[in-house]
2 protein chains.
Amino acid sequence: MKRIESVQNPRVKQWRKLHTRKERDKTGTFLAEGFHLVEEALKNKELVAEVITGETTLIPKDWNLDHTDIYLVTDEILTSLSETETPQGIFAVCRQNKVQDDPQWKRVLLLDAVQDPGNLGTIIRTADAAGIDGIVLGEGTVDPYNAKTVRSSQGSVFHIPLAKGQLGEWISRLNGRQIPVYGTALEGAVSYKEAESKEAFALLLGNEGKGVSPEWLEMTNQNLYIPIYGGAESLNVAIAAGILMYHLRG
Amino acid sequence: MKRIESVQNPRVKQWRKLHTRKERDKTGTFLAEGFHLVEEALKNKELVAEVITGETTLIPKDWNLDHTDIYLVTDEILTSLSETETPQGIFAVCRQNKVQDDPQWKRVLLLDAVQDPGNLGTIIRTADAAGIDGIVLGEGTVDPYNAKTVRSSQGSVFHIPLAKGQLGEWISRLNGRQIPVYGTALEGAVSYKEAESKEAFALLLGNEGKGVSPEWLEMTNQNLYIPIYGGAESLNVAIAAGILMYHLRG
């Protein structure tokens, strides 16, 4: 256990820098805040670099912190690190889940420029629940390691591997492995109910306003839509993700 | 068109009071902010009491504002009314969608103490898309007419009727009408896939943390769960609502 008392300490400054995407990208780490998220992170200890806690923070007895670097810091430092309205005085510096070059995932979610951090977090949580093997974040997708996404994933960022990649390359590779790729679109698409459940599949979802780019929709095996029966114009992308993933996995 | 120039004008003060649930409950009205929401409101003109706009606000030509009271106000007043970070200078004072005592809905959503405004808005939007006839908000459910819920409903609060009610009475009445009521629970429940799609059904969803109260679960015809295949502990309540409503309506 190491103690830090100054908010100007270089390590504290470094932690605060993790509030920016630039620093998270550079270091391959991110900050998880609060008891639930730190507990989820500790279940996969390889992902935890450091735990940060305060004098008055009560750490649950069943947490295994052997071989973990622990920093005891002042309330002022805890406050300076927090991005929530009700800080709990506990953080972990976590390593981003590394993905090998060509993972042999059977159930894959592909995301094209999903922009809202809360939506992305909910999609990650839902994909984890639906037993998806991995998620590919295409260009223009919000950083999954920002505080809001990590929080709304409810810790699923620690369970499910995330790859940043070029969607065209991924679709080609999945095609090469005979895995059907389903896009989502309003035109040139069939009702999702016509797609049967599959052992292996990839599902491609798009931006909140613009949907999936036409160039990727042309590469899919089939494009699906979810019927709208009432007066709503569309479904939230995380809701669509949930309905389609659960339908396709059967 | 009437002009108001002072933020202290009694009518302006009255509008601002609509930021509180107490005033919304008392008057049966609420404030909708932004072009998209006001446009959705105007599609059901009975629901629009007043439109509030500014000198520089450009109102789309295709809006039909005949027989609508319009108030032209200063930027200062617009700012004082806004609850968003990027005010668009347009508001409507709307009437809450009144529901008759015993509506003969065939597809019904029952909500037990859903607390997050964003979740409730997304549920309303999804229920509207899924062709649900009406939603019953049980005790402890957040006010559907707060700004965040109205916004995340994307205008579906104007399409789908919302009733505040006692869930036990509703379940009894639905039973009396031979409409099957499905609860959601982790114990004493069957996988949702075992429930077949139905012409008429009621679905009961619960609080984000505690789920549905045991007293209501005892009154249902069957309780359903959504299987979790991965590491997530649970699904977000709006996601669960989407999967179940689309599954049940078939």
Side-chain angles (χ1 to χ4, degrees), chain A residues 36 39-40 43-44 97 107 109 116 118-119 121-135 148 151-161 191-193 197 208-209 225-250, chain B residues 36 39-40 43-44 97 107 109 116 118-119 121-135 148 151-161 191-193 197 208-209 225-250:
Chain A
H36 178 65
E39 184 165 306
E40 287 300 309
K43 289 180 184 168
N44 189 350
N97 220 336
R107 295 192 180 97
L109 192 61
D116 181 81
N119 281 345
T122 305
I123 290 172
I124 293 170
R125 176 180 174 190
T126 309
D128 184 22
I132 295 291
D133 297 320
I135 303 178
K148 183 152 187 213
R151 209 158 53 233
S152 51
S153 89
Q154 295 263 333
S156 285
V157 283
F158 301 113
H159 309 148
I160 188 166
S191 168
Y192 75 100
K193 291 171 200 161
S197 67
E208 286 85 349
Y225 70 86
I226 300 175
I228 303 284
Y229 301 101
E233 283 171 16
S234 64
L235 287 165
N236 168 283
V237 61
I239 298 287
I243 293 169
L244 294 174
M245 288 189 285
Y246 268 90
H247 177 79
L248 288 171
R249 83 153 288 149
Chain B
H36 178 66
E39 184 165 307
E40 288 299 310
K43 288 180 185 167
N44 190 348
N97 218 337
R107 295 192 180 97
L109 192 61
D116 181 81
N119 281 345
T122 305
I123 290 172
I124 293 170
R125 176 180 174 190
T126 309
D128 184 21
I132 295 291
D133 298 319
I135 304 178
K148 182 149 191 219
R151 209 156 55 234
S152 51
S153 88
Q154 295 264 332
S156 286
V157 282
F158 300 114
H159 309 149
I160 188 167
S191 169
Y192 76 99
K193 291 171 202 165
S197 67
E208 286 85 349
Y225 71 86
I226 300 175
I228 303 284
Y229 301 101
E233 282 172 16
S234 64
L235 287 164
N236 167 283
V237 62
I239 298 286
I243 294 169
L244 294 173
M245 287 189 286
Y246 268 89
H247 176 80
L248 288 171
R249 80 154 289 148

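Letters A, B, ... mirror the listed sequences (proteins, then strands); counts begin at 1.
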Return the set of residues passing side chain to side chain contact (heavy atoms under 4.5 Å, CB included) with A/E233 (not counting sequence neighbours), or none when no residue passes. B/H36, B/E40, B/K43

Over all atoms of both residues, closest heavy-atom pair of A/G242 and B/I239: CA-CG2, 4.3 Å

Just by distance, do the side chain of A/D128 and the backbone of B/G230 share a donor-acceptor pair under 3.5 Å? no

Would you mind checking which part of A/A130 comes under 4.5 Å of any heavy atom in chain B, side chain (CB onward), backbone (N, CA, C, O), both or neither? backbone

Note: vs chain B, highest number of non-hydrogen pairs under 4.5 angstrom among A/S234, A/A238, A/P227, A/S156 is A/S234

So what's closer than 4.5 Å to chain B heavy atoms on A/F158: side chain, backbone, both or neither? neither

Looking at residues at least two apart in the chain, or sitting in another chain, which of them share a side chain to side chain donor-acceptor pair (under 3.5 Å) with A/N119? A/E208, A/N236

Per-residue contacts, residues 243-250 of chain B versus chain A, heavy atoms under 4.5 Å: B/I243, B/Y246, B/R249, B/G250

Apply side chain to side chain donor-acceptor pair (under 3.5 Å) to B/T122 and list each qualifying residue two or more places apart in sequence or on a separate chain. none

With chain A, which of B/I132, B/I228, B/D133, B/I160 has the greatest number of heavy-atom pairs at distances under 4.5 Å? B/I228

Pairs of heavy atoms under 4.5 Å with chain A: top-ranked of B/A127, B/G118, B/A232, B/S152: B/A232

